[in-house]
Student: 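Before I ask anything, here is the structure I am working with.
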Amino acid sequence: MMEPASLDSLRVLHHSDDYIVVDKHWDIRIDSKMWYEKHTVQSQLGHRFPQLADPGTYYGFRFCHQLDYSTSGALCVALNKVAAGRAYRCFKDRAVTKAYLALVRGWMEQERMTLDFSIGKDTMEGRTHMMCIEGTEGCENPKACQTQLTVLEYGQYGGEPVTKVMLQPLTGRTHQLRVHCNAVGHPIVGDFTYSLKADSAPYRMMLHAHLLHIPLQPLPLHVSAGDPFLPATDPMWVPQRPLRTVEGEVEALLERRCQEEQEEEEESKRVKEEEEGEKNREKEERRKKRGKGRECEEEEEEEKRQYQAWLTEWAGDG
């Protein structure tokens, strides 16, 4: 898929009554208000599925999340308001599992890393729409964010050393993956913006949304957008030392996620049972107090009857 995007180049990965998931092309916007933006995912969807466009929305389709202009891969679109709400809640609760593939400059020494640089808006002149890590000059309103990075294999791109990695964003900040990779000295290959226009030789930025798993009920939405960083697709990429497979890492990632969800569910169940038990104990205490109150009242009544009987007997004796 080295050819530029066209109106007809939309690749559909999943299509149901509620959702469409497409493999977004690199260097194409999701939507645009600009009349000159002829090729967007919105226009591709309208061209392929005109009957599914919703005139009640501005763009005709409800995009459940975002992908950068330069990023390719799995992008979910809701086909009705209810479906959009269900997906939105999953994203809002950070229950969605996403994994990206990338080629980064240089050979990374550390095979697994957790990148937790806070990211804010870059207010320096000439860096409009760019983000930066906390502590750099001009970084405004930084917010905490976290990315898991795993090295898959080492190789070369155009004769230069590069590393193929899997990136799992645990938060969803703007340009998070690009800024995090840049922060550890391994910028994404072809990132024209964050290389300050220096890395212009590659035909695209090498960042791809490979996995999208949304835990919808009763069935989750699970989609893979494949791996575009293969020699058969791009002969400039030459793998040299593989460490892990994409399939193996995705399987391990989903197993960990499943385990975490089970633990969260068990913890939620435990807390609920404790709260229910506390409510029952309080109810029992109130019942006992009411019971003791009735016993005291009965004892008082019995004492009154005995006293009245004694008074009657005493009066009769007189």
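Heavy-atom basis, side chains included; hydrogens, waters and symmetry copies ignored. All figures in this text were calculated on a predicted structure; none of them were measured in a lab.
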Student: Using the rule given for side chain to side chain contact (heavy atoms under 4.5 Å, CB included), can you reason through Y203 versus M236, listing the C-alpha separation, both sets of side-chain angles and the distance that settles it, and then say yes or no?
Tutor: CA-CA 10 Å; Y203 74 97; M236 295 286 284; over 6 Å; no

Student: Any side-chain heavy atom of V184 sitting closer than 4.5 Å to one from F117?
Tutor: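 When only atoms from C-beta onward are counted, F117 and V184 do touch, with a gap below 4.5 Å.
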
Student: Does any non-hydrogen side-chain atom of T147 lie less than 4.5 Å from one of L177?
Tutor: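 The answer is yes, as the side chains (C-beta and beyond) meet within the 4.5 Å cut-off.
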
Student: In the single-linkage hydrophobic clustering (I, L, V, M, F, W, Y; side-chain heavy atoms under 4.5 Å), do L52 and V41 co-cluster?
Tutor: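 In one cluster with L52: V41, yes.
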
Student: I'd like to know if the side chain of H65 and the backbone of C76 have a donor-acceptor N/O pair within less than 3.5 Å.
Tutor: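 Looks like yes, one N/O pair under 3.5 Å.
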
Student: Whether the H47 and D8 side chains hold a donor-acceptor pair (N or O, under 3.5 Å, no angle test) is what I'd like checked.
Tutor: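 On atom types as modelled, these side chains qualify, holding a pair under 3.5 Å.
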
Student: Kindly work out whether a path of hydrophobic side-chain contacts (I/L/V/M/F/W/Y, heavy atoms less than 4.5 Å apart) joins L212 to Y100.
Tutor: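 No: no chain of side-chain contacts under 4.5 Å links L212 to Y100.
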
Student: For N80 and V82, indicate whether the former's side chain and the latter's backbone hold a donor-acceptor pair under 3.5 Å.
Tutor: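 Judged by distance alone, yes, a pair lies under 3.5 Å.
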
Student: Dump the intermediate steps for side chain to side chain contact (heavy atoms under 4.5 Å, CB included) on Q42 and V77, then the final yes or no.
Tutor: CA-CA 10 Å; Q42 176 265 332; V77 184; over 6 Å; no

Student: Around atom CD of E109, are there more than 12 heavy atoms of other residues, nucleotides or ligands at under 6.0 Å?
Tutor: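 Result for CD/E109: open.
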
Student: Which value, rounded to the nearest 0.5 Å, describes the distance between L196 atom CG and T193 atom OG1?
Tutor: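 If I round to the nearest 0.5 Å, the distance is 9.0 Å.
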
Student: Step by step, would you call D54 with R62 a salt bridge (Lys or Arg N to Asp or Glu O under 4.0 Å)?
Tutor: CA-CA 9 Å; D54 185 347; R62 296 177 172 88; 2.9 Å; yes

Student: With hydrophobic residues grouped by side-chain heavy-atom distances under 4.5 Å, do L10 and V223 end up in a single group?
Tutor: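 Hydrophobic grouping puts L10 apart from V223.
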
Student: Is there a donor-acceptor contact under 3.5 Å from the side chain of S195 to the main chain of A198?
Tutor: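 Here the side-chain-to-backbone pair exists.
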
Student: About how many Å separate OG1 of T233 and CG of L230, when rounded to the nearest 0.5 Å?
Tutor: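 Answer for the CG-OG1 pair, L230 versus T233, is 5.0 Å.
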
Student: Kindly indicate whether the side chain of W107, heavy atoms from C-beta on, has any atom under 4.5 Å from the side chain of R241.
Tutor: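 A side-chain contact is absent here, since even the closest heavy-atom pair is not under 4.5 Å.
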
Student: Measure the acute angle between the ring planes of Y194 and H175, then classify it against the limits of 30° and 60° as parallel, tilted or perpendicular.
Tutor: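 Y194 vs H175 ring planes: perpendicular.
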
Student: Closer than 3.5 angstrom, by distance alone: can the side chain of H213 be matched with the main-chain N or O of A99 as a donor-acceptor pair?
Tutor: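 It does not hold such a pair.
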
Student: Do L243 and K164 have side chains that get closer than 4.5 Å, going by heavy atoms?
Tutor: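 Heavy-atom side-chain distance check fails, nothing below 4.5 Å.
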
Student: Would you list the atom pairs, donor with acceptor, under 3.5 Å between side chains in residues 149-160 and any protein atom, with sequence neighbours excluded?
Tutor:
unit_1	atom_1	unit_2	atom_2	d
T150	OG1	R112	NH1	3.2
Y154	OH	M108	O	2.7
Y157	OH	D234	OD2	2.6

Student: In Å, rounded to the nearest 0.5 Å, how long is the span from CD of E111 to CZ of R244?
Tutor: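 So the CD of E111 and the CZ of R244 are separated by 4.5 Å.
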
Student: For R29, is there any backbone N or O sitting under 3.5 Å from a side-chain donor or acceptor partner on K24?
Tutor: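 It does not hold such a pair.
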
Student: Under a 4.5 Å side-chain heavy-atom rule over Ile, Leu, Val, Met, Phe, Trp and Tyr, are L79 and L13 clustered together?
Tutor: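 Different clusters.
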
Student: Any heavy-atom pair between the side chains of T97 and L253 that's under 4.5 Å?
Tutor: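 Contact flag for L253/T97 side chains = yes.
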
Student: Counting only N and O atoms by type, is there a donor-acceptor contact under 3.5 Å from the side chain of N280 to the main-chain atoms of E276?
Tutor: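 Yes; judged by distance alone, with no hydrogens or angles, the pair exists.
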
Student: I would like to know whether M206 and W237 meet side chain to side chain contact (heavy atoms under 4.5 Å, CB included); could you show each step before the answer?
Tutor: CA-CA 11 Å; M206 306 299 172; W237 160 238; over 6 Å; no

Student: Pair R204, S72 - check side chain to side chain donor-acceptor pair (under 3.5 Å), show working.
Tutor: CA-CA 10 Å; R204 60 161 292 179; S72 60; 2.8 Å; yes

Student: Hydrophobic cluster mates of V271, side-chain heavy atoms under 4.5 angstrom, ILVMFWY only, any path?
Tutor: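 Same cluster as V271: nobody, lone residue.
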
Student: Backbone N or O of G226 within a donor-acceptor pair of the H210 side chain at under 3.5 Å?
Tutor: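 Confirmed, H210 side chain pairs with G226 backbone.
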
Student: Going by side chain to side chain contact (heavy atoms under 4.5 Å, CB included), name the residues that satisfy it together with T245, two or more places apart in sequence or in a different chain.
Tutor: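 Once residues adjacent in sequence are excluded, the partners of T245 under the side chain to side chain contact (heavy atoms under 4.5 Å, CB included) criterion are E247.
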
Student: Are V21 and L75 connected into the same hydrophobic cluster when the rule is that any two of I, L, V, M, F, W, Y join if their side-chain heavy atoms are below 4.5 Å apart?
Tutor: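 L75 and V21: separate clusters.
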
Student: If you measure from CD1 on I119 to OG1 on T171, what distance do you get to the nearest 0.5 Å?
Tutor: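 I119 atom CD1 to T171 atom OG1 measures 7.0 Å (nearest 0.5 Å).
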
Student: Any donor-acceptor pair under 3.5 Å linking the side chain of H25 with the backbone of E3?
Tutor: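 Pair found, side chain donor or acceptor close to backbone of E3.
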
Student: Go through it in stages, so that I can follow the logic: the residues are T174 and K121, the test is side chain to side chain contact (heavy atoms under 4.5 Å, CB included), and I'd like the CA-CA distance, side-chain angles, deciding distance and then a yes or no.
Tutor: CA-CA 9 Å; T174 302; K121 184 178 180 181; over 6 Å; no

Student: Assess the residue pair Q259 and E263 against the criterion (side chain to side chain donor-acceptor pair (under 3.5 Å)); give the C-alpha distance rounded to whole Å, side-chain angles, the decisive distance to 0.1 Å, and a yes or no.
Tutor: CA-CA 6 Å; Q259 181 65 30; E263 291 173 357; 3.2 Å; yes

Student: Say you draw a straight line from CG of D191 to SG of C181; how long is it, rounded to the nearest 0.5 Å?
Tutor: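 One finds 9.0 Å between CG of D191 and SG of C181.
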
Student: Quick one: do the Q146 and T114 side chains pair a donor with an acceptor below 3.5 Å?
Tutor: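 Per modelled atom types, Q146 and T114 side chains form no pair under 3.5 Å.
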
Student: The criterion is salt bridge (Lys or Arg N to Asp or Glu O under 4.0 Å); which residues satisfy it with D116, sequence neighbours excluded?
Tutor: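 Listed in chain order: nothing, the list is empty.
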
Student: Taking the side chain as everything from C-beta on, heavy atoms only, tell me whether Q168 gets closer than 4.5 Å to L170.
Tutor: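 Yes - at least one pair of side-chain heavy atoms lies under 4.5 Å apart.
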
Student: Could you tell me whether the side chain of Q44 and the main chain of H39 form a donor-acceptor pair under 3.5 Å?
Tutor: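 No, the answer is negative, given that no donor and acceptor are paired below the 3.5 Å cut-off.
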
Student: Look at K269 together with E266 and state whether they make a salt bridge at an N to O cut-off of under 4.0 Å.
Tutor: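 Result for this pair is no, no salt bridge flagged.
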
Student: Is E284 paired with R281 through a side-chain N to carboxylate O contact shorter than 4.0 Å?
Tutor: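 No salt bridge links R281 with E284.
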
Student: Does some side-chain heavy atom of H180 sit less than 4.5 Å from a side-chain heavy atom of C145?
Tutor: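 Of all side-chain heavy-atom pairs linking H180 with C145, at least one is under 4.5 Å.
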
Student: Per the salt bridge (Lys or Arg N to Asp or Glu O under 4.0 Å) rule, what does the pair list look like for residues 85-99, sequence neighbours excluded?
Tutor: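 Listed by first then second residue: D18-R86.
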
Student: For the atom pair CE (M113) and NE2 (H186), what is the distance rounded to the nearest 0.5 Å?
Tutor: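 M113 CE to H186 NE2: 6.0 Å, rounded to 0.5 Å.
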
Student: Do I30 and Y59 come close enough that some side-chain heavy atom pair is under 4.5 Å?
Tutor: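 A side-chain contact under 4.5 Å is absent here.
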
Student: Identify whether the distance between the nearest side-chain nitrogen and carboxylate oxygen of R270 and E274 falls below 4.0 Å.
Tutor: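 Between E274 and R270 there is a salt bridge, with a charged N closer than 4.0 Å to a carboxylate O.
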
Student: Inspect the surroundings of CD in Q262 and state if more than 12 heavy atoms from other residues, nucleotides or ligands are less than 6.0 Å away.
Tutor: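 Yes, because the 6.0 Å sphere around CD of Q262 holds more than 12 heavy atoms from other groups.
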
Student: Among all residues two or more places apart in sequence or in another chain, which pass the side chain to side chain contact (heavy atoms under 4.5 Å, CB included) test with C90?
Tutor: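 Per chain and number, C90 pairs via side chain to side chain contact (heavy atoms under 4.5 Å, CB included) with V96, I214, P215, L216.
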
Student: Using a 3.5 Å distance criterion without hydrogens, assess whether the side chain of R48 forms a donor-acceptor pair with backbone atoms of L7.
Tutor: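 It does not hold such a pair.
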
